[in-house]
Amino acid sequence: MNYFCKTTIAARILMLIGASIATPAAAASFDGQWNVQIASTRTACPNGASVSIGITNGKVESSNAMVSASGHVADAGGISVTLTSGIKQAIGSGRLSATSGSGTWHGAMCSGTWTAQRI
């Protein structure tokens with residue numbers, strides 16, 4: 001390989017390493033405790049539940065023993081999360097800002113919306 005090609009490859013590797021290092025810092029801006037209000041669009045489904053979740057380095061985790069939460073937050077605030085309680089599971093997505101967020105969710109037989117507030 002010639003010098004120019006080696007230099008180009010080295011520069012690309014350094015850019016990729018820099019991007020991977022920057023990602024957690026950007027996602028970390030959403031770190032902290034969040035209170036999530038869940039609403040259902042079907043009257044037969046539970047409505048008005050509240051769940052506390054924590055975000056650390058862009059990783060979503062549950063802070064409630066009754067509900068397990070997992071997922072991630074992207075740099076721009078896009079969030080995808082899975083909530084599990086016993087055999088029930090709900091998958092949600094949406095967007096967070098510095099202090100609030102909103103989105104949609106769906107489960108096996110129910111669906112709806114959610115809103116979040118930073119605690």
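The figures that follow rest on heavy atoms only: side chains count, while hydrogens, waters and symmetry mates do not.
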query: Mind checking whether Ile91 and Ile79 sit in one hydrophobic cluster, side chains of I, L, V, M, F, W, Y counted as touching below 4.5 Å?
result: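 No, no single cluster joins them.
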query: Same cluster for Met66 and Ile119 if Ile/Leu/Val/Met/Phe/Trp/Tyr side chains link at under 4.5 Å?
result: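 No, no single cluster joins them.
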field: Within residues 104-114 or reaching into it, pairs that qualify as side-chain hydrogen bond (donor to acceptor under 3.5 Å, both in side chains) - sequence neighbours excluded
entry: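 Only Thr41-Ser111 qualify under side-chain hydrogen bond (donor to acceptor under 3.5 Å, both in side chains).
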query: Any donor-acceptor pair under 3.5 Å linking the side chain of Asp31 with the backbone of Gly58?
result: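 Side chain of Asp31 to backbone of Gly58, a donor-acceptor pair under 3.5 Å: yes, one is there.
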- request: Ignoring hydrogens and angles, tell me if any N or O in the side chain of Ser97 forms a donor-acceptor pair with the backbone of Ser100 under 3.5 Å.
  value: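 It does hold such a pair.
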In Å and rounded to the nearest 0.5 Å, what is the [atom1] to [atom2] distance from [X] to [Y]?
| X | Y | atom1 | atom2 | result |
| --- | --- | --- | --- | --- |
| Thr99 | Arg118 | OG1 | CZ | 7.5 Å |
| Glu61 | Ile55 | CD | CD1 | 9.0 Å |
| Trp34 | Leu96 | CH2 | CG | 4.5 Å |

query: Mind checking whether Ile38 and Leu83 have side chains closer than 4.5 Å, heavy atoms only?
result: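 A side-chain contact exists here, since the closest heavy-atom pair is under 4.5 Å.
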query: Between Ala69 and Ile53, what is the shortest heavy-atom contact and its length?
result: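 Taking Ala69 first and Ile53 second, the nearest heavy atoms are CB-CG2, 4.0 Å.
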field: Residues forming a side chain to side chain donor-acceptor pair (under 3.5 Å) with Ser80, sequence neighbours excluded
entry: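 Only His72 meet the side chain to side chain donor-acceptor pair (under 3.5 Å) criterion with Ser80.
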message: Just to verify, what does Thr115 make a side chain to side chain contact (heavy atoms under 4.5 Å, CB included) with, not counting sequence neighbours?
response: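 Side chain to side chain contact (heavy atoms under 4.5 Å, CB included) list for Thr115, sorted by chain: Gln37, Ser102.
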Check: Ser52/Gln33 side-chain N/O donor and acceptor closer than 3.5 Å: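 Per modelled atom types, Ser52 and Gln33 side chains form no pair under 3.5 Å.
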